Amino acid sequence: MSPVASNPDVKLFDVEKIRKDFPILSRSVNGHPLVYLDNAASSQKPDQVLDRMDHYYRNTHANVHRGVHTLSQEATDLFESSRSRIASFIGAPSDKEVIFTRGTTESINLVAYTFGLSQLKEGDEIILSAMEHHSNIVPWQIVCGMKGATIKVIPVFDDGTLDLEWFRKNITTKTRLVSVTHVSNALGTINPVSTIIRIAHEHGIPVLLDGAQASPHLQIDVKELDVDFYAFSSHKMYGPTGMGIIYGKSSWLDVLPPWQGGGEMIKDVNWAGTTYNSIPFKYEAGTPDIAGAIGLAAACDYINSLDRNAMVQYEHLLLTTCTEAMNSIPGVKAIGTAADKASVYSFNVKGLHPYDIGTLLDQQGIAVRTGHHCAQPLMDRFSIPGTIRASFAVYNTFEEIEKLVRATHKAIKILS
Ligand SMILES: Cc1ncc(COP(=O)(O)O)c(C=O)c1O
């Protein structure tokens, strides 16, 4: 029996209809129909997103916020209503708590350079985890270096879960911030972020979550999480590249200093000094990516148009089906075996280099990612140079998983 037939909720999930929304899925690669399993790096875009952005540029484009003319007002309305829909997508109490950025990387840098530079001092500590993406490591290394603060790292167990006991013991009066990923891009682990936030808040310490891998898959409610800052990228959740947001509690955003200076973020400028605009504009210097914001809101609308419960179950079934089938291939070893995972199957093949497997999969039309996935400290933790990563989106199918399994068998045979 197919996995779909055995699960009534998943049966309701019409993946063939969804696939028709994504024009790129009908192309072939190296003579094979494309099997796109690199969604954790960037997902494909549906017509609903592409059309909305195209329509904006063809019909409504003008600069926002500073025009009395009709086009500028229409563009401003589209831009601000996009902010509003993105805010409600993540359960933000107020639109002004959503700041547009270029993506997760810029969002984390924004917090590092505003919170970090203003709140950290010599001898302070921040806590990250051993499974962070470089985007949630390097900005903190730079800022902690500038301020004389130290980074402490929550260890990862062999199955790819975090050592929460270590976290409980190592959060101290010197800790100023906890910043961890919601879902690991390299392992797929869904971290127990509610518990992490509760423990941190018991000590009066704010938490930043890197939601880059969570926003395409999980229902996010920043209010219920009570998280202080939440970052994600549009391009991993069916929206355009170069766009993302940082959610921040207004109690933080109101008091932290601005980051980049320029137009839009000011109230008054004169040679004696500058006063700053209120949030969110205080953090949005310069002309924003208007089409990008419209595209991200369209992506949120697209995800909302799906049956979210069925989507989560369907993606989970893709992952468990892939895990079971791939684990049964001789020589294949899964990296990251936590019970709670989202849409990532990372693996290695004994005696073979990830890059060689990835290349042979590509020759068979299958796009996976190979390498360290911008998580070199995590690769060091597992004493591996990298992994081969298959990552799923709403449009992937069980047939595609079968193709991955067959192609992996073939690649191993060729290379052994
Ligand atoms: C967990 C995580 N954090 C941060 C990033 C950086 O995202 P971006 O390159 O969109 O800024 C990624 C991208 O792969 C990621 O997976």
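For ligands, and for the atoms within them, numbers begin at 1 and follow the listed sequence. Bear in mind that the values here come from a model prediction, so they are computed numbers and not experimental data.
- The nearest protein atom to atom 9 (O) of ligand 1, hydrogens excluded, is given as T105 OG1, 3.7 Å; this is a heavy-atom distance.
- Protein heavy atom at the shortest distance from atom 15 (C) of ligand 1 is H133 CD2, 3.3 Å.
- Ring geometry for H182 against Y230 counts as perpendicular: the plane angle is over 60°, on a 0 to 90° scale with 30° as the lower cut.
- S135 and T104 share no donor-acceptor pair across their side chains, judged by distance under 3.5 Å alone.
- Looking from atom 1 (C) of ligand 1 to the surrounding protein, the closest heavy atom is D210 OD2, 3.4 Å.
- When each atom of ligand 1 is checked for a heavy atom of T181 under 4.0 Å away, the hits are 1 (C).
- Inclusion of H235 in the set of residues having an N or O under 3.5 Å from an N or O of ligand 1 is warranted.
- By heavy-atom distance, the residue among S107, S135, G244, G211 lying nearest atom 6 (C) of ligand 1 is S135.
- Between F22 and Y302, the ring planes lie perpendicular to each other; the angle is over 60°, past the 30° to 60° tilted range.
- At least one N or O atom of S233 sits closer than 3.5 Å to an N or O atom of ligand 1.
- For the 3.5 Å distance criterion, the side chains of Y345 and N327 qualify, holding a donor opposite an acceptor.
- For atom 13 (C) of ligand 1, the nearest protein heavy atom (residue, atom name, distance) is K236 NZ, 2.7 Å.
- Using cut-offs of 30° and 60° for the angle between ring planes, the Y57 and H61 rings count as tilted.
- Looking only at protein heavy atoms, the nearest one to atom 16 (O) of ligand 1 is Q213 NE2, 2.7 Å.
- Between the side chains of Y395 and N39, at least one donor-acceptor pair of N or O atoms lies under 3.5 Å.
- Residue pairs that meet the salt bridge (charged side-chain N to carboxylate O under 4.0 Å, His left out) test with at least one member in residues 354-366, sequence neighbours left out, do not exist here.
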